[in-house]
K.L.:
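To start, I am sharing the structure in question, which I have written as structure tokens.
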Amino acid sequence: AGGGNKMKETLLGQIEKQLDVCEETIGLTPDQSWTHAPKNATPFAAELYHILDGIRIYLDFTIKGRPFSWDPRYLDEDGKVNWSRDLSACHTKDEMLTLISAVRDRVRYEFAKPEMDRYMAGDLEPKHTNRHTGDSFLQGLVYLIRHTQQHIGIICCGLRRHGVALPEWK
């Protein structure tokens, strides 16, 4: 059981560090680029929301089997998620910081539950899996961390295009 707790602490620490980087990127993002992006790029607000909602979806849908829905501010006229469009009505930077805090609290809450040790030991499996997340809880969690890193990388590329200093990688 001790190894599972160490693994749990390590994975939780990685997610928390990624959320720290997300917080830092908000302060670095030029205001004019928060909701608008060049053609074939995604606005910074949408990238961050995608990261945070990915975590929420993993906790709710994948692990527990609860339904989820996207925030309507990120849907197009047909009701489909469209990450690349201009998002004049999306989360403000302050709202995004609040959302990051709520996601961080939720992750800590879920990781503190006793059943998390059973997931780490492989005794419990997620309710839903897919070709991205793999067949087990740990595969899904590793995918979630990789997914978050990918989108943080996209954000950093966008910041670099704007000549902005990159966040400190934790």
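Values reported hereafter were calculated over all heavy atoms of this structure, with side chains retained and with hydrogens, waters and symmetry mates removed.
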K.L.:
Does one hydrophobic cluster hold both Leu48 and Val164, with members joined at side-chain heavy-atom distances below 4.5 Å?
P.N.:
yes
K.L.:
Output the distance between atom CG (Leu19) and atom CD1 (Ile55), rounded to the nearest 0.5 Å.
P.N.:
4.5 Å
K.L.:
Enter the distance from Asp31:CG to Thr92:OG1 here, rounded to the nearest 0.5 Å.
P.N.:
10.5 Å
K.L.:
Name every donor-acceptor pair, under 3.5 Å, that has one atom in a side chain of residues 149-158 and the other anywhere in the protein, sequence neighbours excluded.
P.N.:
| unit_1 | atom_1 | unit_2 | atom_2 | d |
| --- | --- | --- | --- | --- |
| His151 | ND1 | Glu47 | OE1 | 2.6 |
| His151 | NE2 | His50 | NE2 | 3.4 |
| His151 | NE2 | His147 | NE2 | 3.3 |

K.L.:
Tell me, do Leu11 and Leu138 make a side-chain contact under 4.5 Å, heavy atoms counted?
P.N.:
yes
K.L.:
Is the backbone N or O of Ala112 less than 3.5 Å from a side-chain atom of Lys8, with the two atoms forming a donor-acceptor pair by type?
P.N.:
no
K.L.:
Give, for atom OG of Ser101 and atom CG of Leu52, the distance between the pair rounded to the nearest 0.5 Å.
P.N.:
11.0 Å
K.L.:
What pair of heavy atoms forms the shortest contact from His162 to Ser33, and how long is it?
P.N.:
CE1-OG, 2.8 Å
K.L.:
Can Val142 be reached from Met116 by stepping across I, L, V, M, F, W or Y side chains whose heavy atoms are under 4.5 Å apart?
P.N.:
no
K.L.:
Please give me the minimum heavy-atom distance between Pro167 and Val21, naming the atom from each residue.
P.N.:
CG-CG1, 3.9 Å
K.L.:
Let me confirm one number: the NZ-OH distance from Lys113 to Tyr119, rounded to the nearest 0.5 Å.
P.N.:
8.5 Å
K.L.:
Which atom pair, heavy atoms only, marks the closest approach of Lys93 to Thr29?
P.N.:
NZ-O, 2.5 Å
K.L.:
Taking C-beta and beyond as the side chain, do Val107 and Glu16 meet within less than 4.5 Å on heavy atoms?
P.N.:
no
K.L.:
Any chance you could measure Thr98, atom OG1, to His91, atom NE2, to the nearest 0.5 Å?
P.N.:
9.0 Å
K.L.:
Is any NZ, NE, NH1 or NH2 atom of the basic residue among Lys17 and Asp20 found under 4.0 Å from an Asp or Glu carboxylate oxygen of the other?
P.N.:
no
K.L.:
Which atoms form the tightest heavy-atom contact between Phe137 and Met120, and what is the distance?
P.N.:
CE2-CE, 3.8 Å
K.L.:
Judged by atom type as modelled, is there a donor-acceptor pair below 3.5 Å linking the side chain of Tyr58 to the main-chain atoms of Leu141?
P.N.:
yes
K.L.:
Can you name the closest pair of heavy atoms from Leu144 and Gly54 and give their distance?
P.N.:
CD1-O, 3.6 Å
K.L.:
Does Glu23 have any salt bridge (Lys or Arg N to Asp or Glu O under 4.0 Å) partners at least two apart in sequence or in another chain, and if so, which?
P.N.:
Arg104
K.L.:
Starting from Ile57, can I reach Ile100 by hopping between I/L/V/M/F/W/Y residues whose side chains sit under 4.5 Å apart?
P.N.:
yes
K.L.:
Say you draw a straight line from CD of Glu95 to CD1 of Ile26; how long is it, rounded to the nearest 0.5 Å?
P.N.:
11.0 Å
K.L.:
List for me each residue that meets salt bridge (Lys or Arg N to Asp or Glu O under 4.0 Å) alongside Glu24, sequence neighbours excluded, and say none if there are none.
P.N.:
Lys170
K.L.:
Between Arg118 and Glu115, is there a salt bridge with N-O shorter than 4.0 Å?
P.N.:
no
K.L.:
Counting heavy atoms not belonging to Arg160, are there more than 12 under 6.0 Å from its CZ?
P.N.:
no
K.L.:
Which heavy-atom pair separates Leu28 from Leu159 by the least distance, and what is that distance?
P.N.:
O-CD2, 3.8 Å
